Amino acid sequence: MFFVDDGVSGTTFQRPNFVRMERMAENGEIGTIIVKDLSRFGREQVEMGRLAL
């Protein structure tokens, strides 16, 4: 499954497909998230640290 938010800045985590992916992970529907590069995942360092566990 792919979650893509083309045209939406990585400076916000309020991206439609990011929010959908996050909810699915919280509900146990996703066990692993693989990203091409963490800079593509998000730009906010503090939030990235919380999410990358």
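Values reported hereafter were calculated over all heavy atoms of this structure, with side chains retained and with hydrogens, waters and symmetry mates removed. Given the structure is predicted, the values throughout are model-derived calculations rather than measurements.
Criterion: ILVMFWY side-chain heavy atoms under 4.5 Å apart, direct or through other members. Under it, I33 and V19 are not part of a common hydrophobic cluster.
N17 is linked by a side-chain contact (heavy atoms from CB on, under 4.5 Å) to F3, D5, R20, counting only residues two or more places apart in sequence or in another chain.
At most 12 heavy atoms of other shown residues, nucleotides or ligands fall within 6.0 angstrom of atom CD in Q14.
Residue T32 comes nearest to I30 through the heavy atom pair O-CG2, 3.4 Å, listed as atom of the first residue, atom of the second, then distance.
Contact annotation: the side chain of M21 never approaches that of M1 to less than 4.5 Å [non-hydrogen atoms, C-beta and beyond].
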